[in-house]
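Single-structure report; data block below.
Keep in mind that the numbers below use all heavy atoms, side chains included, and drop hydrogens, waters and symmetry copies.
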Amino acid sequence: MSRTVVASLDLTDARTFMEHDPLEFFAEVRASEPVYWHASSDGRPGFWVVTGYTDVVSCYGASDALASGRGTVLDVLLRGDDSAGGRMLAVTDRPRHRELRALMWRALSPKVLGTVALKIEERTAALVEAALGPEPFDFATRVAEHVPMNTICDLLSIPDADRPDLLRWSKGALTGADELDSLESRNELLLYFMDLAQRRRADPGDDVISTIATGLIQGEPLSLEEVALNCYSLIIGGDESSRVSAVSTVKALAEHPGQWRALRAGDVDPDTAVEEALRWATPSFHFARTATRDHVIGGRRIRAGDIVTLWNISANNDERAFAEPRTLDLSRSPNKHVALGHGPHYCLGAFLGRAELRALLSVLARTVRHVEITGPATRIESNFLNGYRSLPVRFLPG
């Protein structure tokens with residue numbers, strides 16, 4: 001791929017990912033110019049594009065040179081600073097990031113969540129078994145969207161009656177019909193959690209919101225807005241990434257019958273299969289950072305203040321890190337993918353995400369004889385969220 005061709009694709013435009021194969025594009029970029037400067041356009045700043053696995057992992061670990069406080073999503077950074085910077089875990093840097101993460105970890109550690117996994121499998125089994133039969137259905141809306149949202153709502157003790165609204169706002173926040181629709185969805189979520197945080201602080205229970213609302217950092221409680229922002233982050237992170245991962249996993253199993261048979265026969269370790277499903281799905285195309293000082297990445301000099309984008313989708317398909325990366329291999333090991341990030345900002349909900357995929361694989365292997373795609377999958381129009389908003393399928397029992 002020539003320099004001209006690399007520069008011709010606009011990574012800020014969601015349509016780029018609808019009209020081009022990102023895996024083919026990034027394979028050519030890794031071979032020709034693995035770290036390149038994406039030109040500015042429409043008055044917005046340019047940014048660095050980092051595509052190789054080793055460079056991406058290195059950048060995630062270089063939190064002293066590449067900060068998250070201005071924002072971690074390209075679209076947000078191109079418009080200016082993230083308004084939640086320094087207050088929401090994902091867009092906070094050390095030392096406050098470490099303290100805030102420790103507070104939230106107390107509510108989301110595997111030790112605390114051990115009993116949650118059983119409920120996840122029960123919910124997944126009920127949804128899949130209700131969909132079994134010759135009639136096609138949309139796996140995304142009938143199964144996938146109900147597991148992560150209800151799981152995180154259980155942890156937050158959200159009333160059942162409120163959950164449909166939360167699901168609608170969560171989907172709208174990242175992939176709304178337009179920017180106004182997305183903004184309204186984000187505001188609705190924040191207002192909802194502001195009200196809930198105030199009530200839990202006054203009358204705490206044993207849920208995650210109560211833990212955050214009553215916790216202290218350096219002897220001081222978080223503001224109600226900080227509590228709401230971090231609940232917002234839990235909902236968005238816990239719902240969107242797990243939902244699209246589940247849809248991508250079912251699509252992959254239907255398209256790779258040999259791997260499906262191996263899963264059903266018990267020939268692959270479930271935990272190993274989960275890691276390959278995560279690598280294959282890679283729910284976030286990228287994450288972004290801002291250089292706090294001059295820094296070298298892959299031989300290219302980054303200047304203080306530059307925006308740096310780390311392309312997970314490319315790193316997880318780097319031939320130098322994964323043998324035959326476009327071959328789905330549920331027994332792939334080792335499998336040190338970056339689908340859940342890496343370094344200080346490694347996904348706080350990783351345990352839940354893995355538990356949800358493990359439950360899905362287990363239930364499918366136990367109750368479904370044949371998975372068939374019955375129509376075209378519809379991609380999510382986004383340059384951040386990688387996946388499908390709908391997947392028509394048929395699950396035959398057996």
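A 6.0 Å sphere centred on CG of Asp206 holds no more than 12 heavy atoms belonging to other residues, nucleotides or ligands. More than 12 heavy atoms of other residues, nucleotides or ligands lie within 6.0 Å of CD in Glu19, so this atom counts as buried by the packing criterion.
For Arg358, the side chain to side chain donor-acceptor pair (under 3.5 Å) partners are Asp271, not counting sequence neighbours. Evaluation of the ring pair (Phe, Tyr, Trp, His ring centres under 6.0 Å) rule for Tyr192 yields no partner, not counting sequence neighbours. Taking the side chain to side chain contact (heavy atoms under 4.5 Å, CB included) definition, one finds that Glu255 meets it with Lys251, Ile373, sequence neighbours left out. When the ring pair (Phe, Tyr, Trp, His ring centres under 6.0 Å) test is applied to Phe47, the partners found at least two apart in sequence or on another chain are His38.
The only option from Leu196, Ile209, Val208, Asp207 that meets the side chain to side chain contact (heavy atoms under 4.5 Å, CB included) definition with Ser157 turns out to be Asp207.
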For Arg168 and Glu188, run salt bridge (Lys or Arg N to Asp or Glu O under 4.0 Å): C-alpha distance rounded to whole Å, both residues' side-chain angles, the deciding distance at 0.1 Å, then the answer.
CA-CA 10 Å; Arg168 178 165 51 82; Glu188 291 286 0; over 6 Å; no
Start with the C-alpha distance between Arg332 and Thr272, add both sets of side-chain angles, then the distance that settles side-chain hydrogen bond (donor to acceptor under 3.5 Å, both in side chains), and finish with yes or no.
CA-CA 7 Å; Arg332 185 186 297 273; Thr272 303; over 6 Å; no
Salt bridge (Lys or Arg N to Asp or Glu O under 4.0 Å) between Lys119 and Glu122, worked out:
CA-CA 5 Å; Lys119 192 165 185 178; Glu122 291 174 349; over 6 Å; no
Apply the test side-chain hydrogen bond (donor to acceptor under 3.5 Å, both in side chains) to residues Glu121 and Ser362: give CA-CA distance (whole Å), side-chain angles for both, the deciding distance (0.1 Å), then the verdict.
CA-CA 8 Å; Glu121 179 147 348; Ser362 172; 3.3 Å; yes
Could you go through the salt bridge (Lys or Arg N to Asp or Glu O under 4.0 Å) check for Arg300 and Glu33 one step at a time?
CA-CA 10 Å; Arg300 304 298 301 270; Glu33 198 169 349; 3.7 Å; yes
Please walk me through it: do Glu99 and Arg94 pass salt bridge (Lys or Arg N to Asp or Glu O under 4.0 Å)?
CA-CA 8 Å; Glu99 298 164 328; Arg94 291 178 177 179; over 6 Å; no
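Note: Leu357 CG to Leu352 CG = 11.5 Å, rounded to the nearest 0.5 Å. Here the CG-CZ distance, from Leu391 to Arg379, works out to 12.0 Å after rounding to the nearest 0.5 Å.
Looking at Arg243 and Asp239, a side-chain N of the basic residue comes within less than 4.0 Å of a carboxylate O on the acidic one, giving a salt bridge. Comment: Asp154 engages Arg163 in a salt bridge, judged by a side-chain N to carboxylate O separation of less than 4.0 angstrom. Note on Arg199 versus Asp195: salt bridge recorded, some NZ/NE/NH1/NH2 to OD/OE distance being below 4.0 Å. A salt bridge does not link Arg326 with Glu24: none of the charged nitrogens is closer than 4.0 Å to a carboxylate oxygen. Residues Asp82 and Arg70 are not paired through a salt bridge, judged by the lack of any N-O separation under 4.0 Å between the basic side chain and the carboxylate. Between Arg87 and Glu225 there is a salt bridge, since at least one side-chain N of the basic residue sits less than 4.0 Å from a carboxylate O of the acidic one.
Under the 4.5 Å side-chain criterion, counting only non-hydrogen atoms from C-beta, Asn383 is in contact with Asp75. Here the side chains of Glu275 and His337 are in contact, with some heavy-atom distance below 4.5 Å.
For residues 106-131, no pair satisfies ring-ring contact (aromatic ring centres under 6.0 Å, His included), with sequence neighbours left out. Among residues at least two apart or in separate chains, side-chain hydrogen bond (donor to acceptor under 3.5 Å, both in side chains) pairs with a member in residues 48-58 are Trp48-Asp306.
Using a 30° and 60° split on the angle between ring planes, Trp311 and Phe285 fall in the tilted class, from 30° to 60°.
With ring centers used as reference points, His345 lies 6.0 Å or more from Tyr60.
Asn316 contributes a side-chain N or O that, together with a main-chain N or O of Val338, makes up a donor-acceptor pair within less than 3.5 Å.
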